[in-house]
K.L.:
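Below you will find the structure I want to go over with you.
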Amino acid sequence: MAVQKNKISMKNISKTFTTRTGDVSVLKDVSINVFENEFLVILGPGQCGKTVLMNILAGLEQPTGGEVVFADGTPKMGDLGIVFQKYYIYPWKNVMQNVELSQEVKGVDKKTRRESAQKYIDLVGLSGFEKSIPRELSGGMKQRVGIARAYATESDIMIMDEPFGALDAQTRYQMQEEILKIWEKKKRTVIFVTSNLEEAIYLGDRIILLGGSPTSVKAEYIPDMPRPRNYTSKEFLDLRNEIADNTDLAL
Amino acid sequence: MISKKEKRIRLLLSIAGLVIFFGVWEMAVQMGFISSRILSPPSKVVSAFIQKLTDTKPEGATLITHFLMSFKLALSAFLAAVIIGVPLGLFMGQYKAFDRFLTPIFEIIRPIPPIAWIPIVILVAGIGMSGKVFIIFVAAFVPCVINSYLGIKLTSPVLVNVARTFGASDWQIFTKVCIPSSLNMVFTGVRNALGASWSTLVAAEMLASTGGLGYMIQMGRQLIRPDIILVGMLTIGCTGALLSWLLGLLEKKVAPWRYR
């Protein structure tokens, strides 16, 4: 494997929340390196603080300890592409307006941002649905809008926080294939968070397993299988068992 | 989608409801369960309605004159309440300083029923137009503020975060995320305000009016003319329903994403 360039280093990230009943430590000494253009999966049981970690990466929350170092300098708000849990797209905006919003708030003129948004709408396979409003779209299509919207920030780092968690099983498989296709076409550094083991093995160049209370990095796995991966192949199932044995039960 | 047949059944049910309501009422009077001196039957109300359209007797003005007086009064107070109340509620919801500064005063004013304002309004503003407008304004103002405030407060924090990660400024978040997201709540508030202003009308017109639907109803009581009272009441009811329906149409135009 070629030498990989470090894109993001999370160094000893800790996060403690102060609540009525005392301090709750959620993350403790989480250190993860993210390489350029890799598809990194962060796997952890539900409620383990994955979203908190992503919010810290995105700059929406501050860590109580440690730091995040970006190789190309700390990004400003608007420099990262983020796909949120479920499909948080704006119900009053149509597909085009949703996708172009990140450019709109930056003050890009209408023609330029529409062209750019169209490129990503085509990329996620929503051509022809530009004028549809979210209520008229299926769950899978809504999350495609979320992905196009994140890509349209033109960021080279994409954070995806359990993007397929709200989809039904069938759509979920489809979207997993789709996200890899999109990533192959437009290589970006992807940090993909999930609590689903199969999804992690199917997608990841590397898998970081989180666990413990407070949460820290438990192990790192590299699924050494060519894509598209087969859910029922022996290597897949072996790795699945290996990770499952090492995983905490969801809280 | 609703089929044509389904639509027809729904329409039929609505009509049946109205027919039964007025039918029972008509029967109750005709068969003598209720004296027609106390309660006029619908047929009498309809003929009184037609007559009152042009007749100024017995209290001095036609129904149309009364109606226009009331309508202007209620509408101007209602519009003033929307124009002042909605932005105020939106700002209170968005900006903590506004919230802290205004909420205590608002919370004290809110539980006072509009009618309780009448005596002080008479002392301060007299019995002219401005006093009545003020009372209706108070009635409509409260729901406008509360719903706009709640609409902002109920904006999904993730939708706000999405815009924040795009690098949106606070003002952009307010105008592009929070306000559109609260529009449905605002409309509900405006609709409640419309109902409140229209129904406070009668109370306001008790302020020694010389005209208006409230005045006509009052005079109907003094002259023991139940048909005139009922014409006034039903005019208020039908106008209220019509305005509410128009507002619903406007909402579908301005904020169509909630409807199928």
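Computed from heavy atoms alone, side chains included, the values below leave out hydrogens, waters and symmetry copies. Each chain gets a letter, A, B and so on, in the order the sequences are listed, and its residues count up from 1.
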K.L.:
Taking only residues two or more places apart in sequence, or in another chain, which ones meet A:Glu199 in a side chain to side chain donor-acceptor pair (under 3.5 Å)?
P.N.:
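Side chain to side chain donor-acceptor pair (under 3.5 Å) check on A:Glu199 returns A:Arg172, A:Gln176, A:Thr194.
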K.L.:
Say you draw a straight line from CD1 of A:Ile82 to CZ of B:Arg164; how long is it, rounded to the nearest 0.5 Å?
P.N.:
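Here the rounded value is 12.0 Å.
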K.L.:
What I'd like to find out is whether the side chain of A:Pro91 reaches to under 4.5 Å of the side chain of B:Leu159, using heavy atoms alone.
P.N.:
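Of all side-chain heavy-atom pairs linking B:Leu159 with A:Pro91, at least one is under 4.5 Å.
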K.L.:
Working to the nearest 0.5 angstrom, can you tell me the gap between A:Lys106 NZ and B:Phe166 CZ?
P.N.:
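Between atom NZ of A:Lys106 and atom CZ of B:Phe166 there are 8.0 Å.
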K.L.:
Give a yes or no on this: more than 12 heavy atoms of other residues, nucleotides or ligands lie within 6.0 Å of atom NZ of A:Lys28.
P.N.:
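Atom NZ in A:Lys28 is not crowded, with 12 or fewer foreign heavy atoms closer than 6.0 Å.
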K.L.:
Do B:Asn161 and A:Tyr88 touch side chain to side chain, with heavy atoms closer than 4.5 Å?
P.N.:
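They are not in contact (no side-chain heavy atoms under 4.5 Å apart), so the answer is no.
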K.L.:
Return yes when atom CG of A:Asn6 has more than 12 non-hydrogen atoms of other residues, nucleotides or ligands closer than 6.0 Å, and no otherwise.
P.N.:
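Yes - once you tally the heavy atoms of other residues, nucleotides and ligands closer than 6.0 Å, there are more than 12.
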K.L.:
If I measure from the heavy atoms of chain A, does B:Ser181 come under 4.5 Å with its side chain, its backbone, both, or neither?
P.N.:
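B:Ser181 touches chain A through backbone and side-chain heavy atoms alike.
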K.L.:
Which atoms form the tightest heavy-atom contact between B:Ala168 and A:Val105, and what is the distance?
P.N.:
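Here B:Ala168 and A:Val105 meet closest at CB-CG1, 3.9 Å.
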K.L.:
With a cut-off of 6.0 Å (strictly less than), are more than 12 heavy atoms of other residues, nucleotides or ligands near NZ of B:Lys153?
P.N.:
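For B:Lys153, atom NZ is crowded (more than 12 foreign heavy atoms under 6.0 Å).
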K.L.:
Assess whether atom CE of B:Met233 is packed by more than 12 heavy atoms of other residues, nucleotides or ligands within 6.0 Å.
P.N.:
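Counting neighbours around CE of B:Met233, 12 or fewer heavy atoms of other residues, nucleotides or ligands fall under 6.0 Å, so no.
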K.L.:
Roughly how far, to the nearest 0.5 Å, is NZ of B:Lys176 from CD of A:Glu104?
P.N.:
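Going from CD on A:Glu104 over to NZ on B:Lys176, the span is 4.0 Å.
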K.L.:
With a 4.5 angstrom heavy-atom cut-off, is it the side chain or the backbone of A:Leu80 that approaches chain B, or both, or neither?
P.N.:
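Interface part for A:Leu80: backbone (N, CA, C, O).
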K.L.:
Using distance only, find each side-chain donor-acceptor pair of residues 80-101 of chain B under 3.5 Å and give its atom names and separation, not counting sequence neighbours.
P.N.:
from    : atom 1 : to       : atom 2 : distance (Å)
B:Asp99 : OD1    : B:Thr103 : OG1    : 2.4
B:Asp99 : OD1    : B:Tyr149 : OH     : 3.3
B:Asp99 : OD2    : B:Tyr149 : OH     : 3.0

K.L.:
Quick check on B:Ile115: does its CD1 atom have over 12 non-hydrogen neighbours (other residues, nucleotides or ligands) under 6.0 Å away?
P.N.:
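Atom CD1 in B:Ile115 is not packed in, count stays at 12 or less.
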K.L.:
Give, for atom CH2 of A:Trp92 and atom CD1 of B:Ile179, the distance between the pair rounded to the nearest 0.5 Å.
P.N.:
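Result: 10.5 Å between the selected atoms.
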K.L.:
Is the backbone of B:Val177 close enough, under 3.5 Å, to the side chain of A:Tyr90 for a donor and an acceptor to pair up by distance?
P.N.:
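Looks like no, no N/O pair under 3.5 Å.
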